[in-house]
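Single-structure report; data block below.
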Amino acid sequence: SIITGDLPDVGGIDDILITIEVGPIDGPGNVLGFAGPNLIRSSSLLPFLGSGTIDIDDVDNPDLERILLHELIHTLGFGTLWDFSFNNFLFNPSFGDGVTDARFVGAAATAQY
């Protein structure tokens, strides 16, 4: 379904709580950060708690704002909750092989597209 209003609070969390930390990952220039949902609502399978890490060696990256936005979107479930075994949102998942044509097939989002 399409989210058109407020989501139910979970344990005092209104919608979603996202924490981002700066820490060591792999040194400068490779993995800039990672993030994803930590806990999801059982009723809607939407996240209510997410976290991420930005590599301490990449905080001076001129694209830091874009990197943060990218990682924040992962905490909302984009690209992280699409696994075919979880809720069937990916057709032909590639798991990063760079060759397979993986496509998002969520019915409501596809209809809006």
Legend entry - Side-chain heavy-atom pair Ile20, Leu68 within 4.5 angstrom cut-off: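 Yes, at least one pair of side-chain atoms sits under 4.5 Å.
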Legend entry - Heavy-atom side-chain proximity of Asn61 to Leu32 below 4.5 angstrom: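 Counting from C-beta outward, Asn61 and Leu32 do come under 4.5 Å.
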Minimum heavy-atom distance [X]-[Y], with the two atoms named:
X     : Y     : answer
Asp15 : Asp9  : N-OD1, 4.3 Å
Pro47 : Thr75 : CG-O, 3.4 Å
Val59 : Ile54 : CG1-CG2, 4.2 Å
Ile13 : Phe48 : CG2-O, 3.4 Å

Working to the nearest 0.5 Å, report the span between [atom1] of [X] and [atom2] of [Y].
X     : Y     : atom1 : atom2 : value
Asp55 : Ile67 : CG    : CD1   : 9.5 Å
Arg41 : Leu46 : CZ    : CG    : 6.5 Å
Asn38 : Thr19 : CG    : OG1   : 6.5 Å
Glu71 : Ile18 : CD    : CD1   : 11.5 Å
Leu39 : Ile16 : CG    : CD1   : 10.0 Å
Asp63 : His70 : CG    : NE2   : 12.5 Å

[X] with [Y], same ILVMFWY side-chain cluster at under 4.5 Å:
X     : Y     : answer
Ile25 : Leu69 : no
Ile73 : Val31 : no
Leu72 : Leu64 : yes
Leu7  : Val10 : no

Legend entry - Other residues, nucleotides, ligands: >12 heavy atoms within 6.0 Å of Arg66 CZ: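 No.
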